[in-house]
Amino acid sequence: MASGQDKVVGASLLTFSTVVFVYYTLWAIVMPFVDETYFLHAYFPPREYAIRIPCVLLVFGLTVVLTFLSMVMIKSKKKVEKKAA
Amino acid sequence: MTRATQAATFFGITATIYLALLFQWLPITLPKTVQDFTLPVLPWWALVSFGAYSLGNIGYHVLTFRDCPEAYNELQVQISQAQSDLRSKGVSI
């Protein structure tokens with residue numbers, strides 16, 4: 001079987017992703033149809049953040065990935081130039 | 001039909017239906033909350049769900065990964081055989 005530490009990592013990833021999915025689904029899909037005075041609304045931030053947070057995360061993630069990609073490409077081009085010189 | 005064509009077709013059809021509902025090209029009237037909030041939030045919900053599914057899938061497979069001791073032992077035997085064989089031919093290991 002997978003080692004103890006691997007199991008902990010795997011289980012925590014699984015529970016984290018399940019919690020994220022359930023919370024976000026409730027927030028974005030279910031809450032708009034729930035009466036405004038219901039107690040559950042206190043557990044969720046204002047609805048606009050359900051769009052803003054994934055948007056910001058996506059932009060941030062893309063920036064990191066593409067910056068890394070561009071740095072690698074620039075480095076490899078410099079190496080080729082150095083070799084040719 | 002290749003996998004890519006299949007995926008592209010599914011994506012295209014979903015996107016067309018979604019855009020048709022979003023820009024109200026069809027003579028269908030949806031409830032106000034659905035039209036104003038649920039439809040715009042659906043792509044983001046799909047993205048979050050896809051991310052959660054990917055992460056959960058990785059976590060699940062890490063959790064249930066099973067060692068195979070016979071394969072491990074067999075591999076060790078093969079490694080030592082290869083090492084001794086190469087050493088006899090003069091390669092330093």
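So that the names make sense, note that chain A is the first sequence line, chain B the second, and so on, each numbered from 1.
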Best-contacting candidate, A:T15, A:L58, A:V9, against chain B by heavy atom pairs under 4.5 angstrom: A:L58
Atom pair CG/CZ of B:L55 and A:F21 - distance to nearest 0.5 Å: 13.5 Å
Hydrophobic cluster identity match, B:L42 and B:I28, side-chain contacts under 4.5 Å: yes
ILVMFWY network linking A:L57 to B:Y53, side-chain heavy atoms under 4.5 angstrom: no
CZ/A:F44: more than 12 non-hydrogen atoms of other groups inside 6.0 Å: yes
Within 6.0 angstrom of A:F33 CZ, more than 12 heavy atoms from elsewhere: yes
Cluster link B:F50 to A:L14, ILVMFWY, side chain under 4.5 Å: no
Atom pair OG (A:S3) and CZ (B:F65), whose distance is rounded to the nearest 0.5 Å: 10.5 Å
Over 12 non-hydrogen atoms of neighbours within 6.0 angstrom of OH in B:Y18: yes
Structural part of B:T38 lying under 4.5 Å from a heavy atom of chain A: side chain
Heavy-atom contact with chain B under 4.5 Å, split by part of A:T25: both
Separation between CH2 of B:W44 and SG of A:C55, rounded to the nearest 0.5 Å: 4.0 Å
Atom pair OG1 (B:T64) and CG (A:D6), whose distance is rounded to the nearest 0.5 Å: 11.5 Å
Pairwise distance CZ(B:F37) to CD1(A:I29) - rounded to 0.5 angstrom: 8.5 Å
Side chain proximity check, A:Y24 to B:V41, heavy atoms < 4.5 angstrom: yes
Considering all heavy atoms, the nearest A:S17-B:G56 contact: OG-CA, 3.1 Å
Transitive ILVMFWY side-chain link A:V59 to A:L69, under 4.5 Å: no
Taking every non-hydrogen atom, the tightest pair across B:G59 and A:L13: CA-CB, 3.8 Å
Hydrophobic cluster membership, B:L39 vs B:L47, 4.5 Å side-chain cutoff: yes
